[in-house]
Structure formats: structure tokens, C-alpha cells
Amino acid sequence: MDMNTHIVADPAPHPVITLVDDDPGVRRSVQLLLRSRGYDVRSYASSTAMLADAHVLDAACLVTDYLMPELDGIAVLDALRERGWKGPAILVSAYCSPRLLERAQRQGFASVMEKPLREHFLSETVSRLIGNGGRRPVPLP
């Protein structure tokens, strides 16, 4: 073997985050934030576009807006669960209420966050959920 030859192992793949938000500004901001933290972010402007992606079940975590034109964020998670996806999910909404929080937790969301998002809280929550397999809910601030 040549002494100048280096064998480099392929780096571990970055965890895939599925992001669904119909607001292009929010979607881009969250996408940039999560990519800067080392995640592979697949972002979608609609729930229909996300559900049409054959690779959507590869995601380590879902971050979805609540109010969207086609399906709301809770229906998005329900559709993924029906397809066998078991990862942790975060619901984001500008319209948080105790009723929405309870409904989201009952449907399986590990965290509910209010817009405007606090960047560090979102990235730390994603990290914890992926790190612990999404088994424990992350408390609201």
C-alpha cells in the first residue's frame, strides 16, 4: 500500500428531519437553522407534497405546522403513523391553546411549540428527541 494513500471512512449520515410548513419564510428559516445544526432537512410547502415523497418514512423526526390548507399538522402525523412511521414529532402553531396542546399530545406529538419559534429551543428539542428515540415528551418552556 502506498504510504500517501489515506482510507477515509464514509461519515455517518446526518439525521433526516421532515419539515412541513406552508409559510415560505418560516419554512426557510427553520430549514437553515436545522441544517446549520447538522441535520438533513427535507422541507415541504404542503402536506400533500410531503405525503407524496416515497422517502418520507426515512425521517428521524417530523416538524410540522398546525394550520395548513390541505391537512393540519395533526392529520399529517396521523397519515405518517398509518404508514408505519414511528419517529418523534413536533407541532408548531401560532394558535396554541390548552385544548390544542392536549389534542396534540393525545395524538402522539412529543412537543408543541408556539410561533414565533425560539431557535435554540427548537434545535435542542430535535436533538433530545432524536437522541432518546422520542420516548419522553419535552416539556413546554
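Just so you know, these numbers come straight off a predicted model, no measurement behind them. Numbering of residues begins at 1 and proceeds along the displayed sequence.
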Quiz item: Are any non-hydrogen side-chain atoms of Thr64 and Phe109 less than 4.5 angstrom apart?
Solution: yes
Self-check item: Glu119, CD atom: more than 12 neighbouring heavy atoms under 6.0 Å
Solution: no
Quiz prompt | Non-hydrogen atoms of Ala60 and Pro88 that approach each other most closely | solution = O-CD, 3.1 Å
Self-check item: Any residue meeting side chain to side chain contact (heavy atoms under 4.5 Å, CB included) with Arg99, in chain and number order, not counting sequence neighbours
Solution: Ser97
Practice problem: Check Met68 against Gly73 and note the closest heavy-atom contact, atom names and distance. | Solution: CE-N, 4.1 Å
Practice problem: Supply the atom-to-atom distance Met113 CE to Leu91 CG, rounded to the nearest 0.5 angstrom. | Solution: 10.0 Å
Practice problem: Measure from the side-chain N and O atoms of Thr125 to the backbone N and O of Phe121, and report whether any donor-acceptor pair falls under 3.5 Å. | Solution: yes
Self-check item: side chain to side chain contact (heavy atoms under 4.5 Å, CB included) assessment of Met50 paired with Leu80
Solution: CA-CA 10 Å; Met50 188 247 350; Leu80 288 174; 4.2 Å; yes
Practice problem: Provide the full list of salt bridge (charged side-chain N to carboxylate O under 4.0 Å, His left out) pairs with a residue in residues 18-33, sequence neighbours left out, each pair given once. | Solution: Asp21-Lys115
Practice problem: Enter the distance from Asp78:CG to Arg83:CZ here, rounded to the nearest 0.5 Å. | Solution: 12.5 Å
Quiz prompt | Smallest separation among heavy atoms of Ser93 and Asp65, with atom names | solution = CA-OD1, 4.3 Å
Practice problem: Apply side chain to side chain contact (heavy atoms under 4.5 Å, CB included) to Cys61 and Thr18, showing your working. | Solution: CA-CA 6 Å; Cys61 183; Thr18 294; over 6 Å; no
Can you list, pair by pair, the side-chain donor-acceptor contacts under 3.5 Å of residues 32-40, counting residues two or more places apart and other chains?
unit_1 : atom_1 : unit_2 : atom_2 : d
Arg35  : NH2    : Val41  : O      : 3.1
Ser36  : OG     : Leu33  : O      : 2.6
Arg37  : NH2    : His120 : ND1    : 3.4

Exercise. Would you check if Leu122 and Val30 make a side-chain contact, meaning some heavy-atom pair closer than 4.5 Å?
Key: yes
Exercise. Any chance you could measure Gln107, atom CD, to Ile74, atom CD1, to the nearest 0.5 Å?
Key: 6.0 Å
Quiz item: Mind checking whether Tyr44 and Asp53 have side chains closer than 4.5 Å, heavy atoms only?
Solution: yes
Self-check item: Beyond-backbone contact of Gln31 with Ile17, side-chain heavy atoms, under 4.5 angstrom
Solution: no
Quiz item: Below 4.5 Å, heavy atoms only, C-beta onward: do Trp85 and Val56 meet side chain to side chain?
Solution: no
Quiz prompt | Where Leu77 and Gly108 come nearest, the two heavy atoms and their spacing | solution = CD2-C, 3.9 Å
Quiz item: Quick one: CZ on Arg118 to OG on Ser123, what's the gap to the nearest 0.5 Å?
Solution: 11.0 Å
Practice problem: Would you check, one step at a time, whether the test side chain to side chain contact (heavy atoms under 4.5 Å, CB included) holds for Arg42 with Asp58? | Solution: CA-CA 10 Å; Arg42 296 186 186 152; Asp58 298 337; 4.1 Å; yes
Quiz item: Is any side-chain heavy atom of Val63 less than 4.5 Å from a side-chain heavy atom of Val126?
Solution: yes
Quiz item: Quick one: do Leu62 and Val16 end up in the same hydrophobic cluster if we chain Ile, Leu, Val, Met, Phe, Trp and Tyr together by side-chain heavy atoms under 4.5 Å apart?
Solution: no
Exercise. Give the minimum heavy-atom separation between Val20 and Ser47, together with the two atoms involved.
Key: CG1-N, 3.9 Å
Quiz item: To the nearest 0.5 Å, what is the distance between CG (Leu117) and OG (Ser29)?
Solution: 8.0 Å
Quiz item: Looking only at heavy atoms, what is the nearest atom pair of Tyr95 and Leu100, with distance?
Solution: O-CD2, 3.7 Å
Quiz prompt | Side-chain donor or acceptor of Glu70 paired with backbone N/O of Thr48 under 3.5 Å | solution = yes
